[in-house]
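Inspection log for the structure reproduced underneath, given as structure tokens.
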Number of protein chains: 4
Amino acid sequence: MTPHTATLFSIATGSSEPIYRQLVEQVRRLAAAGQLQPGDEMPSVREIAQQLALNPMTVSKAYGLLEMEGVLARRRGQGMVVAARAAPAPADERAALLRPVLERAAREARQLELDPDTVLTLFATILKETP
Amino acid sequence: MTPHTATLFSIATGSSEPIYRQLVEQVRRLAAAGQLQPGDEMPSVREIAQQLALNPMTVSKAYGLLEMEGVLARRRGQGMVVAARAAPAPADERAALLRPVLERAAREARQLELDPDTVLTLFATILKETP
Amino acid sequence: MTPHTATLFSIATGSSEPIYRQLVEQVRRLAAAGQLQPGDEMPSVREIAQQLALNPMTVSKAYGLLEMEGVLARRRGQGMVVAARAAPAPADERAALLRPVLERAAREARQLELDPDTVLTLFATILKETP
Amino acid sequence: MTPHTATLFSIATGSSEPIYRQLVEQVRRLAAAGQLQPGDEMPSVREIAQQLALNPMTVSKAYGLLEMEGVLARRRGQGMVVAARAAPAPADERAALLRPVLERAAREARQLELDPDTVLTLFATILKETP
DNA sequence: GTGGTCTAGACCACA
DNA sequence: GTGGTCTAGACCACG
């Protein structure tokens, strides 16, 4: 199955986060969650670049990093596919990927002197909104 | 009252976030939380620079931005003070400052296909650890 | 279209007004007047710096402020462009930008006890000279 | 006659223009206009400093400059008086003092592409409002 | 003493 | 190529 570019990625060009990193992290998460299964063919660099109006080098850089990480694999003449070892991770490993952003949120909450219950309630609300 | 530099700031020089921005955001949150009260004198550029081993211009840049934002005010020849309009914000306004990072966390959680309860439990744990 | 540096800016290095602010205000006015259209590419920091014999950081500071203001936008890796929302302002809005300096002139005229007609005549003369 | 501090000066501590310069220019204009007559005793440094909540050194610096300029004169034990040669200037000399600010306004008007008539009408309005 | 400005030059991240 | 960040150090303006 070849995932559709438009469905897969959501890039915020206005964000301060580098585009290539947005791509890398999204693929990483999608692979960990199993939305990208081992063997799935990734869209070509050109296709992504065109559809998202990005510089092909930006996409290429993301793919390169993902290959180094072992999330994607290069198949000669066939483009990139999701790597075998990128099997869906168990919930606790996926949770580990979420830790950094949660730790940052906790640090900010403390500096804002918000009490944990308020924060958790707010977060619960947002979790329901988002999907 | 003059807050103590060492107590006020914790800078991660290794982080990818620019130092001046770390300073800006910390001051912004401390003012919102009321740990910095209107009228409080901020440590001088040189003092912060020395204690945190930073270049004075880096600190100065942060102060300049905070002044533009209206969080700090310049008292000519006497350093910066916390601005009058930087009164401690009510809890709901402070919570609003936390929204962006929580929304980001929610987005990542969804891409990781983690169920909300797991995420909330993890966050609760982290919130207890952090302080 | 890429405006020419030399044509765009006239910097008075001798003035007490900081160079970066001279740049900021000129760009702001040129954008308001429509001489800089949304989408126009601005000259690069290095180009301006070289042509006006300034330090690149000085120019960079001006660009940074103009970006914060929303007058310019950064196109990663491709320099700055005039922001979309920086559309040419109608005459009355542009006139509003002129008010502060006119108010100052009026205040000074009053302290000099010059009668309004004299002042207006003088100003009319200067307006004809200047262009 | 001793002019009253509060009536004489209007200081904008928020402005970017140095306080001592605001003082200097105001005295200069008032003397040129004849509102301060030769021989008039100026308020003491302390009095001005207290009433306007300024640092006495700031006031002192302004007085020093005005003395150097010949606008004020030091009378031992009597404080500063308006200098003899600071006689009210004829209208054309006073107009000359107004030129710089008018030239700046003209320059800005041109960059804003405002036509001279509009500018003059606006200025006429402001001149009527201000007093 | 305070902060502001500018220069010079290095290094990095991004595209 | 682009702009961003940081350092080091000088000088100035202000109070």
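Owing to the predicted nature of the structure, the values given are computational and were not obtained by experimental measurement. Quick note on labels: first sequence line is chain A, next is B, and so on, each numbered from 1.
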>> Please confirm whether the shortest side-chain N or O distance from T58(A) to OP1 or OP2 of dC14(E) is below 4.0 Å.
In response: no
>> Counting only Watson-Crick pairs (N1-N3 plus N6-O4 or O6-N4) and G-U wobbles (N1-O2, O6-N3), all under 3.5 Å, who is the partner of dC12(F)?
In response: dG3(E)
> Of all the choices, dG3(E), dT5(F), dC14(E), which nucleotide is nearest to the side chain of P18(A) once you look at every atom?
Replying inline: dC14(E)
> Once you round it to whole Å, what is the distance between P of dT2(E) and CZ of R74(B)?
Replying inline: 14 Å
> Please give, in whole Å, the distance from dA15(E) C1' to N55(A) CG?
Replying inline: 5 Å
>> What is the separation between atom CG on L52(C) and atom P on dC6(E), rounded to the nearest whole Å?
In response: 13 Å
> Hey, does R46(B) reach any base, or is it just sugar-phosphate, or nothing, if we go heavy atoms under 4.0 Å?
Replying inline: base
> If only side-chain N and O atoms of Y63(B) are considered, is one of them under 4.0 Å from the OP1 or OP2 phosphate oxygen of dG3(E)?
Replying inline: no
>> Would you say K61(C) places a side-chain N or O within less than 4.0 Å of OP1 or OP2 belonging to dT5(E)?
In response: yes
> Under 4.0 Å: is that the gap between some side-chain N or O of S44(B) and OP1 or OP2 of dT2(E)?
Replying inline: yes
> Just how far, in rounded Å, is P of dT2(F) from CD of Q50(C)?
Replying inline: 11 Å
> For dG4(F), does OP1 or OP2 lie under 4.0 Å from any side-chain N or O of S60(C)?
Replying inline: yes
> To the nearest angstrom, how far is M57(C) atom CE from dA10(E) atom P?
Replying inline: 15 Å
>> Taking G34(C)'s backbone N and O only, do any of them form a donor-acceptor pair with Q37(C)'s side chain (distance below 3.5 Å, no angle check)?
In response: yes
> Under 4.0 Å between a side-chain N/O of R76(C) and OP1 or OP2 of dA15(E), yes or no?
Replying inline: yes
> Does CD in Q50(C) sit with more than 12 non-hydrogen atoms of other residues, nucleotides or ligands closer than 6.0 Å?
Replying inline: no
> Expressed in angstrom and rounded to an integer, what is the separation of L54(B) atom CG from dC6(F) atom C1'?
Replying inline: 10 Å
> What's the CD1-C1' distance between I19(C) and dC12(F), to the nearest Å?
Replying inline: 13 Å
>> Has Q26(D) got a side-chain atom pairing as donor or acceptor with S10(D)'s backbone, closer than 3.5 angstrom?
In response: yes
> Could you state the CD-C1' distance from Q78(B) to dA13(F), rounded to the nearest angstrom?
Replying inline: 15 Å
>> side chain to side chain contact (heavy atoms under 4.5 Å, CB included), that's the test. Do F9(B) and V27(B) meet it? Break it down for me.
In response: CA-CA 8 Å; F9(B) 304 112; V27(B) 172; 3.5 Å; yes
> Hey, does the side chain of Y20(B) come within less than 4.0 Å of dT5(F)'s phosphate (OP1/OP2), counting only N and O?
Replying inline: yes
> Looking at R107(A) and E103(A), does any basic side-chain N land under 4.0 Å from a carboxylate oxygen?
Replying inline: no
> G77(B) or G79(C): which one's nearest nucleotide on DNA chain F is closer to the 5' end?
Replying inline: G79(C)
